[in-house]
2 protein chains.
Amino acid sequence: MSTPSSLQHLIDSLRVLPGVGPKSASRMAYHLLQRDQTGADSLAHAIMTALATLKHCQLCNTFTESDICEICADENRTHEQLCVVEMPTDLLMVEQTLAYHGLYFVLMGRLSPLDGIGPKDIAFSRLLERASDGIVKEVILSTNFTVEGEATAHYLAEMLRARGLTVSRIARGLPVGGELEHADPSTLAQALVERRTLAG
Amino acid sequence: MSTPSSLQHLIDSLRVLPGVGPKSASRMAYHLLQRDQTGADSLAHAIMTALATLKHCQLCNTFTESDICEICADENRTHEQLCVVEMPTDLLMVEQTLAYHGLYFVLMGRLSPLDGIGPKDIAFSRLLERASDGIVKEVILSTNFTVEGEATAHYLAEMLRARGLTVSRIARGLPVGGELEHADPSTLAQALVERRTLAG
Ligand SMILES: [Zn+2]
Ligand SMILES: [Zn+2]
């Protein structure tokens, strides 16, 4: 007695999803087949549609259904600033602040030597080319403040400064409404180091 | 600026998978699109193939690509015993023991009032019909020893005994090679209660 081949193939295929091991793949397969065949069918079609329609914006590298995404095509935005983020979700977070009116570049990842992700696996060379268009003046590095995000920012800063660009990094510090009593010590330390002189 | 609709639809569709919330759905979608388009394509096809080819065995209710599964079609097995398990994976575990030669019935779930899963959501009536074929003499309840598996076993035992069938439950006790020193107290207590008289 063995598992029917199409069931085994489904279980194996679910393991392409990040964080899904053999046990949860099997649990997912049974759930799809036993409890949600409609959802399973719609998932299969959503994958095929996404693969067929999504591409990378030629300017900012985010996912888009056109050659150039909505933001890059927006004439009203500042073309002198380029905000570099790791993922499209980060871009959405910055947009939600309504505090930024420049353009973006989405790396689609971060340097992560432990996972075998080096400069060639994310869009570094495309960023360097993009930032060297003669219009961009400042590159704002907005990768995460994780070990990998920081390493990515340092690496990029060096390469971009070598091309004569102004490079900045978003600030670390206490959150708006944050109390010193509840800040973690390293964030508070950074808030001290990165203190701003107030205009008198 | 909004997420392209085919990307948003993929993220939403991934949430049909058990245990996948909005954050991991988004992580999964980016992984499929950015790092493993081949895997994504093969996943979509595996889902469609599984949906198209798998059905429930007419006798034991497990997933199969035929009307009757390999085990139920095997003339060499004992037709008087029916081992009831929750899921196909449990059936495979019992088969691996090589200690059972009867037939099976796969409930495809367990009673779980908290999740809204009642007798009508799992194959109870089909089991009762199957066990009443006049050939089956003993039903061996092999649901898990979880709260839900136990409740399922109790419920089934009552209904099956009312039909004049012999109903048994797999034993709880110490594992083979198990030491009292390392057993958890409730398992040890059950091992005492379910002690067997040894032939002299
Ligand atoms: Zn763009
Ligand atoms: Zn069968």
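Each chain gets a letter, A, B and so on, in the order its sequence line appears, and its residues count up from 1. Scope of the values below: all heavy atoms of this structure, side chains included, with no hydrogens, waters or symmetry mates.
- Residue A/His31 touches chain B through its side chain alone, counting heavy-atom pairs closer than 4.5 Å.
- The candidate with the highest count of non-hydrogen atom pairs below 4.5 Å against chain A, out of B/Leu32, B/Leu17, B/Asp36, is B/Leu17.
- The candidate from A/Thr53, A/Leu54, A/Thr49, A/Thr89 with the greatest count of non-hydrogen atom pairs under 4.5 Å with chain B is A/Leu54.
- When atom types are taken as modelled, the side chain of A/Asp90 and the backbone of A/Met87 share a donor-acceptor pair closer than 3.5 angstrom.
- Your options are A/Ala50, A/Ala29, A/Gly19, A/Ser24, and the one with the most heavy-atom pairs under 4.5 Å with chain B is A/Ala50.
- Side-chain atoms of B/Tyr30 do not come within 3.5 Å of backbone N or O of B/Ala25 as any donor-acceptor pair.
- Interface summary for chain B: among A/Ser66, A/Ser42, A/Pro18, A/Gly39, the most heavy-atom pairs under 4.5 angstrom belong to A/Pro18.
- With chain A as partner, the option from B/Pro88, B/Ser26, B/Gly109 having the largest number of non-hydrogen pairs under 4.5 angstrom is B/Pro88.
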Requested in this report: Carefully, step by step, assess A/Lys55 and A/Asp67 under the rule salt bridge (Lys or Arg N to Asp or Glu O under 4.0 Å).
Outcome: CA-CA 7 Å; A/Lys55 44 194 169 182; A/Asp67 290 335; 3.0 Å; yes
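- Side-chain polar atoms of A/Thr143 and A/Thr152 form no donor-acceptor pair below 3.5 angstrom.
- When heavy atoms are compared at a cutoff of 4.5 Å, A/Arg15 does not approach chain B at all.
- Residues A/Asn61 and A/Arg126 bring a donor and an acceptor atom of their side chains to less than 3.5 Å of each other.
- Both the backbone and the side chain of A/Ser5 have a heavy atom closer than 4.5 Å to some heavy atom of chain B.
- With A/Met28 as the partner, the side-chain contact (heavy atoms from CB on, under 4.5 Å) test is satisfied by one option alone out of A/Leu10, A/Leu14, A/Leu33: A/Leu14.
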